[in-house]
Asks: 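Input: one structure, supplied below.
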Protein chains: 2
Amino acid sequence: MSEILSIGRQHLAVHGAAGLSLRAVARDLGVVSSAVYRYVKSRDELLTLLLVDGYNALGDAVDHAVNQVPADDFAAQFRALGGAVREWAVAEPARYGLLFGSPVPGYEAPSEQTTGPGTRVIVQLVRIIEGAHRAGALREVARAPVPDPRLAADFAAIREEMGLSVPDDVLARGVLVWAAVFGAVNFEVFGQYGRATFSDPAALFELHLAALAETAGLS
Amino acid sequence: MSEILSIGRQHLAVHGAAGLSLRAVARDLGVVSSAVYRYVKSRDELLTLLLVDGYNALGDAVDHAVNQVPADDFAAQFRALGGAVREWAVAEPARYGLLFGSPVPGYEAPSEQTTGPGTRVIVQLVRIIEGAHRAGALREVARAPVPDPRLAADFAAIREEMGLSVPDDVLARGVLVWAAVFGAVNFEVFGQYGRATFSDPAALFELHLAALAETAGLS
DNA sequence: GAAAAAACGAGAGCGATGCTCTCGCTTTAA
DNA sequence: TTAAAGCGAGAGCATCGCTCTCGTTTTTTC
């Protein structure tokens, strides 16, 4: 029943990830709790459903934002990607928290169902960086190649798997930028800036994106 | 009873933040559940206790690491800070998750008790950056001052409150670096790198720290 | 030292949770 | 028409947070 998923989305938004109760969903559905178990094996399965649902919603938002931007302006594409992630997260904090917050205790996401949708944002990001690199639009950014041989092997594996041609240092910067974008979003959405509140968080985030674009070599 | 806190710490580490059960703590204590309520007002209060406990443990680790490093080597101090955060988080993922993961649903941290310990890391970070700035050891990093007047006002307020002299652009970079450090730690601890696993995460993180030191102007 | 007061632990109990099982009713398929 | 599958209701189990009362023990006070 897609109605279960819909109500689950609402409950997720209102009561948060761990506050998701199958009994409450059943109540809202006007049905006794055991009936829901006909369609959903467990609370964890409902969580998984909502997880891939969220990943796809975020992926759609990011894809749409990136596509609004000229295909040859890679820096703008990156800013569009980051901005889309932030806006989606701010609009749906609980859903975002399910995707990128601390894991729900006792729940392990089944990778076979979640890795696909869960990697859409990073796939877009490497697409942008690789595109800029191939177009020669990537500024020289790092002085030295990565020194650690094990890391070099990891990067080689990633390059192989995703069919990339970017060198190690660019890849490393890309990974950092990736984590940094979500770090900044986390800080804003989860209120971890502490006492340091910002009256225009969107502007602060744009500043961050500009600096991160620089870090990635996207001038 | 400090024994409650000790057992709570163990349960937190094993079962995670939301898996913390006052009844289970009572069982481990060899006492009936209602007895625990003599000492702890509610599950949320126990959570708060563990929260400030965690903040202080992290703060101690960071302070200790930073103090191991020459007082005039600001870049090394920054790397020590970042490394200490990561190592503490990797060693105690559940505890770290309580501090920097998604908020526990239905639980709001009482700011009067948590802001103090909760700001120890960022206080150290601004201390490092401000120190480098005052010592003239901060590389010129940004081209333009922040354009947004509301952001400038925010930064001015922060500068005022913390008695700083760093300019807006450095402050902005500092905020980004702050969020980026925790973003990278989050990615590793919460396994959000996805399929991209790294055989030597510590080395990757060091690479990140080097790049972030550059971003902050700490050469 | 005796009496009053505070602290403490045990236990029962309330309303919730996730989840399982069985019992009927309805809809579909043979 | 009959057999089979799908479906919802309800009871039940163990767990949770939390409250209340009732004795016992310890501490304070006179």
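In what follows, every heavy atom counts, from backbone to side chain, and hydrogens, waters and symmetry copies are set aside. Chain identifiers are assigned alphabetically (A, B, ...) following the order of the sequence lines, protein sequences preceding nucleic acid strands; residue numbering begins at 1 within each chain.
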Asks: Regarding B/Ser33, tell me which of base, sugar-phosphate or nothing describes its non-hydrogen contacts under 4.0 Å with the strands shown.
Replies: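 Contact class for B/Ser33: base.
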
Asks: Only counting residues at least two apart or in another chain, list the ones meeting side chain to side chain donor-acceptor pair (under 3.5 Å) with B/His133.
Replies: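 B/His133 satisfies side chain to side chain donor-acceptor pair (under 3.5 Å) with no residue once adjacent residues are dropped.
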
Asks: Taking for each residue the nucleotide of DNA chain D bearing the nearest heavy atom, is the 5' side occupied by B/Lys41 or by A/Val36?
Replies: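 The residue mapped nearer the 5' terminus is A/Val36.
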
Asks: Atom CZ of A/Arg38 to atom P of C/dC23: distance rounded to whole Å?
Replies: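 A/Arg38 atom CZ is separated from C/dC23 atom P by 14 Å.
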
Asks: Does C/dT17 have its OP1 or OP2 closer than 4.0 Å to a side-chain nitrogen or oxygen of A/Ser21?
Replies: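 Yes, such a contact exists.
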
Asks: Applying side-chain contact (heavy atoms from CB on, under 4.5 Å), can you list everything that pairs with A/Thr119, at least two apart in sequence or on another chain?
Replies: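 Once residues adjacent in sequence are excluded, the partners of A/Thr119 under the side-chain contact (heavy atoms from CB on, under 4.5 Å) criterion are A/Ile122, A/Val123.
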
Asks: Does any residue of residues 22-30 of chain B have a heavy atom under 4.0 Å from DNA chain D, and if so, which ones, in number order?
Replies: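 Result for residues 22-30 of chain B: B/Leu22, B/Arg23, B/Arg27, sorted by number.
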
Asks: May I ask you to say what A/Val32 touches in the nucleic acid, namely base, sugar-phosphate or nothing, with a heavy-atom cut-off under 4.0 Å?
Replies: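 Touches a base.
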
Asks: When the side chains of residues 46-57 of chain B are checked against the rest of the protein, which donor-acceptor pairs come out under 3.5 Å, sequence neighbours left out?
Replies:
{"residue": "B/Thr48", "atom": "OG1", "partner": "B/Asp44", "partner atom": "O", "Å": "3.0"}
{"residue": "B/Thr48", "atom": "OG1", "partner": "B/Tyr107", "partner atom": "OH", "Å": "2.7"}
{"residue": "B/Asp53", "atom": "OD1", "partner": "B/Arg9", "partner atom": "NH1", "Å": "2.9"}
{"residue": "B/Asp53", "atom": "OD2", "partner": "B/Arg9", "partner atom": "NH1", "Å": "2.7"}
{"residue": "B/Asp53", "atom": "OD2", "partner": "B/Arg95", "partner atom": "NH2", "Å": "2.9"}
{"residue": "B/Asn56", "atom": "OD1", "partner": "B/Arg120", "partner atom": "NH1", "Å": "3.0"}
{"residue": "B/Asn56", "atom": "ND2", "partner": "B/Val52", "partner atom": "O", "Å": "3.3"}

Asks: Can you list everything that forms a side-chain contact (heavy atoms from CB on, under 4.5 Å) with B/Arg127? Sequence neighbours excluded, please.
Replies: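 side-chain contact (heavy atoms from CB on, under 4.5 Å) check on B/Arg127 returns B/Val66, B/Gln77, B/Gln124.
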
Asks: Name all pairs fulfilling the salt bridge (Lys or Arg N to Asp or Glu O under 4.0 Å) condition that reach into residues 75-88 of chain A, sequence neighbours left out, sorted by first residue then second.
Replies: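 Passing the test, one end in residues 75-88 of chain A: A/Arg86-A/Glu188.
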
Asks: The criterion is salt bridge (Lys or Arg N to Asp or Glu O under 4.0 Å); which residues satisfy it with B/Asp168, sequence neighbours excluded?
Replies: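 Applying salt bridge (Lys or Arg N to Asp or Glu O under 4.0 Å) to B/Asp168 gives B/Arg159.
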
Asks: DNA chain C in dot-bracket, Watson-Crick or G-U pairs under 3.5 Å, [ ] crossing, | other strand?
Replies: ||||||||||||||||||||||||||||||

Asks: Given side-chain contact (heavy atoms from CB on, under 4.5 Å), test B/Phe198 with A/Val175 step by step and report yes or no.
Replies: CA-CA 11 Å; B/Phe198 297 96; A/Val175 172; 4.3 Å; yes

Asks: Just jot down the side chain to side chain donor-acceptor pair (under 3.5 Å) partners of A/Glu160, sequence neighbours excluded, or say none.
Replies: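 Side chain to side chain donor-acceptor pair (under 3.5 Å) list for A/Glu160, sorted by chain: empty.
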
Asks: Could you check how far CG of A/Leu20 sits from C1' of C/dT17, rounded to whole Å?
Replies: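 To the nearest whole Å, that distance equals 12 Å.
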
Asks: Should B/Ile129 and B/Phe78 be marked as a side-chain contact (heavy atoms from CB on, under 4.5 Å) after you check the CA-CA gap, both sets of side-chain angles, and the distance that decides it?
Replies: CA-CA 8 Å; B/Ile129 294 180; B/Phe78 169 71; over 6 Å; no

Asks: Can you pull out every side chain to side chain donor-acceptor pair (under 3.5 Å) where at least one residue sits in residues 196-210 of chain B? Sequence neighbours excluded, please.
Replies: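 Of all non-adjacent pairs touching residues 196-210 of chain B, those that pass side chain to side chain donor-acceptor pair (under 3.5 Å) are A/Asp154-B/Ser199.
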
Asks: Check every nucleotide of DNA chain D for an atom under 4.0 Å from a heavy-atom of chain B, then give the first and the last such nucleotide from 5' to 3'.
Replies: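 The protein-touched segment is D/dC16 to D/dC20.
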
Asks: Name each donor-acceptor pair under 3.5 Å that joins a side chain in residues 22-30 of chain B to protein atoms two or more places apart or in another chain, with its distance.
Replies:
{"residue": "B/Asp28", "atom": "OD2", "partner": "B/His11", "partner atom": "NE2", "Å": "3.0"}

